[in-house]
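These figures come from a predicted structure and were not determined experimentally.
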Amino acid sequence: MSKTQNAPGGVRSKTVVDYLNDENVRAILYQIIAIGLVILAGWYLVSNTLVNLERQNISTGYGFLDLEASFEISESMVQYSAQSSYATALLVGLLNTVKVSLLGIILCTIIGTIFGIARLSSNWIVRKLATVYVETFRNIPVLLQLFFWYAVIPNAFPHPRDAFEPLPGVLLTSRGMYMPVPVADNAYTLMGIAAIIAIVAIFFIKKWAKKRQDETGQPFPMFLVGTGIFVGLVFLAYLIGGAPTDMDMPELKGFNIRGGYNISPEFLAVLIGLTVYTSTYVAEVVRSGIQAVPNGQWEAADSLGIKRSVALRKVILPQSMRVAIPPLTNQYLNLTKNSSLAVAVGYPDLVSVSNTTMNQTGQAIEAISIFMSIYLGLSLLTSLFMNWFNKKMALVER
C-alpha cells in the first residue's frame, strides 16, 4: 500500500485513489470513456466500410450529385427534367415531402381538434360517431390506409373524357383533380410582398394592442383590424399590378386533360391517409388536454353567463394547449416520418427519389445518409418551432 503523503504545513494532498473515489471526477471520467468508445466504434465502422468499398471498386463521395439524373419525376414544385442533376432531383423529392407533411399537419390539427371536442359532446350521436372514427382509423396501420385510399380514389371518379365538374373549371377524374390557376403575372409577386408587409404590421399592432389592454383593460378588435389590413393591402397590390384576370383552365385534349393544376391520386392518397390516421391521435390529445383543465374553469365561465361555446374557445382550449402541445409535437413528427411510406403508392417523395438515385448510381451509403440527414433536420426544425410555441403558451410565473 502506498503511504499517504502530507504537503508542507501538514495538509494531506490527494492521491489518484482519492480522485477516483470522488463522484464528480468519476462522472466526468465515465463520460470521457463513453465518448471515446463511440468515436472508436465510429472510426472502425467508417474505415472498414471504406476499405470494403475500395476492394469492390465502388466509388465513394457525393460527386454524383452533379451528374445527370436521367429519370423523370411525375410531380415537381420546381423546374425539373431528366437532364437535371441528381441534386435537383433530391430537391424535388424534399419539396414534395415538405408539401405533403405541412398540409397533413394543418389538416390533421383541424380535423383532430373537431373530433377531440366531439368526443366530449353531450350529444350521444355526435360523441359515438367521433368515438367510432377515432377507434377505427387509429387501429388500422397507416400503410394499409394508404393502400386503401390509393385503391379508392382512382376508381371513385370517371375517365377524363367523362370528368365530373362540381364547380366551373374544377374537374374530378380517375387521374386526379384539376383546377384553374392564374396565369403568371407580376401582380401576384406584388401581392406576395404586400402579404408579408401585412403580416409584419399585424405582428406589431398585436403587440401594441396587448400592451394597451394590460395598461387600460380595454380590448382591441385585433381580428377585424388584422383581417382588414391583410385583405386591404393584398387587394391594393392586386389593383396596382393591373388586376389580372387570365386563368389557365383545364381542358380535355386527346385522351387526357391539359392545363390548370393537377392534384394526383398518389398525392391525395398520401395526404388523406396521413391526415386521417394522425388526426385520430390528435383528437385524443385534444380530448385529454380539455379534460386536464379543472372543472372549476367551466363553473366560473357559467357563473359569468358565458356561453359554453365561447367558454370552450376563450377559456378552456387556451389552457388545454399547455398540456397538449408536447404530445402534439410527437404526432407532427410521426406524420413527417410516416410520409416516407408514400413510396408504396408511387408518390415521388424524398425516399422514392433517393431510392431511384441509389439504384442508378450505386451510392447507397451516400444516398441513405442524405435522406436520413434531411429527415433529422425536418424533425429538429419541427421540435424547435413547437418548443418555441410551447414557451409562448406557458404560464409566466411572477
From the list Y150, Y347, W149, side-chain hydrogen bond (donor to acceptor under 3.5 Å, both in side chains) with E266 holds only for Y150

Quiz prompt | N139 CG to T280 OG1 distance, which is reported to the nearest 0.5 Å | solution =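 These two atoms lie 8.0 Å from each other.
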
Output for pair (I199 CD1, L233 CG), nearest 0.5 Å, gives 11.0 Å

Inspect the surroundings of [atom1] in [X] and state if more than 12 heavy atoms from other residues, nucleotides or ligands are less than 6.0 Å away.
X    : atom1 : value
R212 : CZ    : yes
M372 : CE    : no
I125 : CD1   : no

Within a strict 4.5 Å, meaning less than it, do heavy atoms of the [X] and [Y] side chains meet?
X    : Y    : value
F235 : L239 : yes
V323 : S288 : no
N334 : T278 : no
L350 : Y375 : yes
L274 : S339 : yes
P180 : P250 : yes
F385 : W388 : yes
W298 : L312 : yes

Checking side-chain polar atoms at under 3.5 Å, does T88 have a donor or acceptor matched by the opposite partner on S85?
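T88 vs S85: donor-acceptor pair found between side chains.
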
- Where do Y277 and F137 land on the ring pair (Phe, Tyr, Trp, His ring centres under 6.0 Å) test, with the steps shown first? CA-CA 6 Å; Y277 179 76; F137 290 106; 9.6 Å; no

Quiz item: Between the main-chain N or O of I117 and the side-chain N or O of S121, is there a donor-acceptor pair closer than 3.5 Å?
Solution: no

Determine whether a donor-acceptor pair (N or O, by modelled atom type, separation under 3.5 Å) exists between the side chain of D248 and the backbone of G260. yes

query = Between F220 and W208, how do the two ring planes meet: parallel, tilted or perpendicular, split at 30° and 60°?
reply =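 Because their plane-to-plane angle is over 60°, the rings of F220 and W208 count as perpendicular.
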
Practice item. Would you check, one step at a time, whether the test side chain to side chain contact (heavy atoms under 4.5 Å, CB included) holds for V353 with F71? Key: CA-CA 10 Å; V353 175; F71 66 92; 4.1 Å; yes

*CA sep, side-chain torsions, deciding dist, call: Y86, Q360, side chain to side chain donor-acceptor pair (under 3.5 Å)*: CA-CA 10 Å; Y86 284 111; Q360 290 190 179; 2.8 Å; yes

